[in-house]
Amino acid sequence: TWSCVSLSLILYYAFFCELKEKHDILTGLFNRRAYEYEIQHLESLGYGAIIFFDVDDFKQINDSYGHVQGDLCLAEIAECIKKVYANYGYCYRIGGDEFCVLLKNSEKEGMCKQEFLWRLEEKRRKITFLPTVSYGSASFSGEDIVEVKERADRDMYQYKNERKKRSSME
C-alpha cells in the first residue's frame, strides 16, 4: 500500500512540476516555454491561425497606477482571452504585455474576436484604467511558421496604428 501511495505522490509531484513549468503564474495561461514548444510542432498539429495581442500603452498603466494595478490589468485581459478562445485553441502569455492564441480552426476567428472585444469593453466599464488591446492574426495553411508569425505581427501593428490615428482625430 505504501508503495502505491509513494508512487502516486511522485507522479503527482512530477505532474505539478510540469504544469508549473508551462503556466504563467499571474494569468493562468500557458507561458512562453509552452508556446515555443507548441510552435515547433504547429505543422503536425494542423492549427488554423495565430493571433497576437498587445496591451496598448501598458507602461503608462504601471507608471500611473503601480505594478499591482498593472498585474490586475494583465490578469483581467488574460481572463477575457481565456473565456473566449480556450475552447477553440491554446492561450499563452508570451511576454510582459503580449499574448498569443493558437487557434485550431480559423473559421472561428471572427466570432471570437468580436466576443473578445465585447468582453474587454465590459471589463473596461468596470475598471476604468484597463487599457485597450491591439489584435493581429494570420491563418496557417502549411507555410513557414516564421512567415505566419510575421503576418500576424504586421496585422497587429496595423490595427494598433489605425486605432492611434482614429483617437488622434477625435
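In this chain, numbering begins with 1 at the start of the sequence shown. Just so you know, these numbers use all the heavy atoms, side chains as well, and skip hydrogens, waters and symmetry mates.
Residues meeting the side chain to side chain contact (heavy atoms under 4.5 Å, CB included) test with T27, sequence neighbours left out: D24, L29, A78, R93, F99. Checked against side-chain hydrogen bond (donor to acceptor under 3.5 Å, both in side chains), E115 has the following partners two or more places apart in sequence or in another chain: R119. Considering only residues two or more places apart in sequence or on other chains, Y85 meets the ring-ring contact (aromatic ring centres under 6.0 Å, His included) condition with F53. In this structure, the side chain to side chain contact (heavy atoms under 4.5 Å, CB included) partners of E121, at least two apart in sequence or on a different chain, are R124. The side chain to side chain contact (heavy atoms under 4.5 Å, CB included) search around R163 returns D56, T132, S134, Y159, R166, not counting sequence neighbours. Residues forming a side-chain hydrogen bond (donor to acceptor under 3.5 Å, both in side chains) with R154 (at least two apart in sequence, or on another chain): none. Here E79 pairs with K83, K123 under the salt bridge (charged side-chain N to carboxylate O under 4.0 Å, His left out) rule; sequence neighbours left out. Residues that satisfy the side-chain hydrogen bond (donor to acceptor under 3.5 Å, both in side chains) test with D155, not counting sequence neighbours, are absent from this structure. Shown here are the side chain to side chain contact (heavy atoms under 4.5 Å, CB included) partners of E122, two or more places apart in sequence or in another chain: W118, R125. Residues that satisfy the ring-ring contact (aromatic ring centres under 6.0 Å, His included) test with Y35, not counting sequence neighbours, are Y92. Partners of R32 according to the salt bridge (charged side-chain N to carboxylate O under 4.0 Å, His left out) rule, which considers only residues two or more places apart in sequence or in another chain, are E36.
Linking ILVMFWY residues whenever their side-chain heavy atoms come closer than 4.5 Å, directly or via other members, leaves L103 and Y37 in distinct clusters.
The CG atom of N31 sits 9.5 Å away from atom NZ of K22, with the distance rounded to the nearest 0.5 Å. E107 CD to Y88 OH: the interatomic distance, rounded to the nearest 0.5 Å, is 12.5 Å. Between the CD atom in Q40 and the CD atom in E38 there is a gap of 10.0 Å [rounded to 0.5 Å]. Within the model, atoms OH of Y157 and NZ of K164 stand 9.0 Å from one another, a figure rounded to the nearest 0.5 Å. For the atom pair L117 CG and C80 SG, the distance stands at 10.0 Å (nearest 0.5 Å).
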Under 3.5 Å, which donor-acceptor pairs do the side chains of residues 57-74 form with other protein atoms, sequence neighbours left out?
residue : atom : partner : partner atom : Å
K59     : NZ   : D63     : OD2          : 2.7
S64     : OG   : Q60     : O            : 2.9

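No side-chain heavy atom of L102 sits under 4.5 Å from any side-chain heavy atom of I51. With a 4.5 Å cut-off on side-chain heavy atoms, V101 and I81 count as touching. Side-chain contact between N161 and Q158 is absent, with no heavy-atom pair separated by less than 4.5 Å. Counting heavy atoms from C-beta outward, V55 and I77 have side chains that approach closer than 4.5 Å.
Closest of all the heavy-atom pairs between I50 and C100 is CG2-SG, 3.9 Å. In terms of heavy atoms, A86 sits closest to C91 at N-SG, 3.8 Å.
Residue F129 places its CZ atom among more than 12 non-hydrogen atoms of other residues, nucleotides or ligands, all under 6.0 Å distant. The environment of K108 atom NZ is sparse: at most 12 non-hydrogen atoms of other residues, nucleotides or ligands sit within 6.0 angstrom.
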message = Checking Y135 against M156 for the side chain to side chain contact (heavy atoms under 4.5 Å, CB included) test, could you report, in this order, the C-alpha distance in whole Å, the side-chain angles of both residues, the deciding distance, and whether it holds?
response = CA-CA 5 Å; Y135 175 105; M156 181 185 64; 5.8 Å; no
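Within the 3.5 Å criterion, the main-chain N or O of S139 finds a donor-acceptor partner in the side chain of R151.
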